[in-house]
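To keep things clear, I will list the structure first and then write my remarks on it.
Chain A is the first sequence line, chain B the second, and so forth, proteins listed ahead of strands; every chain is numbered from 1.
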There are 2 protein chains.
Amino acid sequence: MDDIDRNILRELQNDGRLTNQELAARVGLSASPCMRRVRQLELDGVIQGYRAVVAPEAVGRGFEVLVSIEVRRDRETVEAFEAALQDIPDVIEAHRLFGSPGCLLRIAVADLAAYERLWIERLTTLAGVTEVNSQIIMKRIKEPQGLPVDG
Amino acid sequence: MDDIDRNILRELQNDGRLTNQELAARVGLSASPCMRRVRQLELDGVIQGYRAVVAPEAVGRGFEVLVSIEVRRDRETVEAFEAALQDIPDVIEAHRLFGSPGCLLRIAVADLAAYERLWIERLTTLAGVTEVNSQIIMKRIKEPQGLPVDG
DNA sequence: TCTGAAAATCATCCCCA
DNA sequence: TGGGGATGATTTTCAGA
C-alpha cells in the first residue's frame, strides 16, 4: 500500500462512483494500472464495498436514539443478545464496550412514537438485559464520512 | 417516492456501484426510467452521495473509542466546540444529546498510544470541556450498513 | 412515464515496455 | 508495475408511444 493506493482510497471514499478514468487522472495514473489497483484493493478486503448514502429523513429514519444496554455477562447471554440485535433493522450501529455500559446501540426510527414501540416490544424483551437507558440525539454534529487515510 | 424508488435505495445502499442496467433489471424497469429516477433521487438529496467502505484495520484505524464529553452549556461554547470537532479527523462520528453526557464521539485511531496522544493533545484542550470519559470499543457488533427502507 | 435506438463514453483485457 | 490500444458494455440523450 503506497501513496497512490491511499489516494485511491481517499477519492473513492469521497465519491464511490468515480469512473475509473477520472480516478486514474486524479491519482496520476493511466486507466489500466489504476483499475488493477482498485481490483486488488477489493480482493484484499481493503475496499469492503460501495454504498449509496441515503438521507435518513427521506426514508423515515430521522429520529435517532443512543441506547446504553447492560446484559448479563456470560458467554451464552452475550452471544444470543448480539445475534438478536442483527435482526432488528432499526439498530443501525452497535458496539460492545469495556466497562459500563457493556453495549451501546444507535437506533434510527421515524419518531418518538416509533421508538416507544421498539423499546417496549423489542428492547426490553431481549433475554439477559438488566438495564436499558435511552438518550435521544438532538443533533448529528459529525456524520460518518469515511475514514481518514494518512500518509 | 414509491415502491420502485425504495427498491432503488435498497439496492444502491447494498451496492453503490451497480450498473444502471443491472439496477434497472432488479427493480423491474428498463434503463432510461431507472436512470431518471436515480438522478432525481440525487437531486432531491435523498441520495447524498456514494462511498467506498474501507476496512479500518487496513488504514491504521482499527482501534475505536467512544468518548463522552461534557461541555459548558452556553451557545458560544457549544458552537465553538462543535466546530473544533470538525477539524479532528480521528473523530469519525459525533452526536449532541439531550441529557448527560451532552455529547458523544466515536473516534478511530491506530492503537492505544495514538489515542493517548489524541486525548492529551486535542480532547482535554478543547475550550469549555468539563469532563471527558473514554470507553474503548471491544467489538463492533453491528456496522453501519445503510438505513432500512420500509414499504 | 415508459420504451427503444443511436451516439458517446467507459470498462476491461492483452501485450509490450 | 505502468502504458496504449482494441473490443464489447454501459451511460446518456432523444423521439415516440
I need the [atom1]-[atom2] distance between [X] and [N], as an integer number of Å.
| X | N | atom1 | atom2 | answer |
| --- | --- | --- | --- | --- |
| A:R17 | C:dT9 | CZ | P | 18 Å |
| B:L29 | C:dT1 | CG | P | 11 Å |
| A:L18 | C:dA11 | CG | C1' | 14 Å |

Item to complete: Indicate yes or no: at least one non-hydrogen side-chain atom of B:M138 is less than 4.5 angstrom from one of A:H95.
Response: no
Discussion item. Quick one, B:R140 and B:E64 - any side-chain contact, counting heavy atoms below 4.5 Å?
Written reply: yes
Worksheet item: Taking for each residue the nucleotide of DNA chain C bearing the nearest heavy atom, is the 5' side occupied by A:Q21 or by A:R36?
Response: A:Q21
Practice prompt. Go through the steps for B:V71 and B:T130 under the test side-chain contact (heavy atoms from CB on, under 4.5 Å), then give the verdict.
Written response: CA-CA 6 Å; B:V71 187; B:T130 58; over 6 Å; no
Worksheet item: Looking only at side-chain N and O atoms, does B:R37 come under 4.0 Å of OP1 or OP2 in C:dC2?
Response: yes
Polar atom pairs (N or O), protein with nucleotides 12-17 of chain D, under 3.5 Å:
{"unit_1": "D:dT12", "atom_1": "OP2", "unit_2": "B:R39", "atom_2": "NH2", "d": "2.4"}

Discussion item. Among D:dT10, C:dC2, C:dA11, which nucleotide has an atom closest to any side-chain atom of B:S30?
Written reply: C:dC2
Worksheet entry | Short side-chain donor-acceptor distance under 3.5 Å, A:N7 and A:E11 | no
Item to complete: State whether a side-chain donor-acceptor pair under 3.5 Å links A:Q13 with B:Y50.
Response: no
Discussion item. Can you confirm whether A:E76 is buried at CD, in the sense that more than 12 heavy atoms of other residues, nucleotides or ligands lie under 6.0 Å from that atom?
Written reply: no
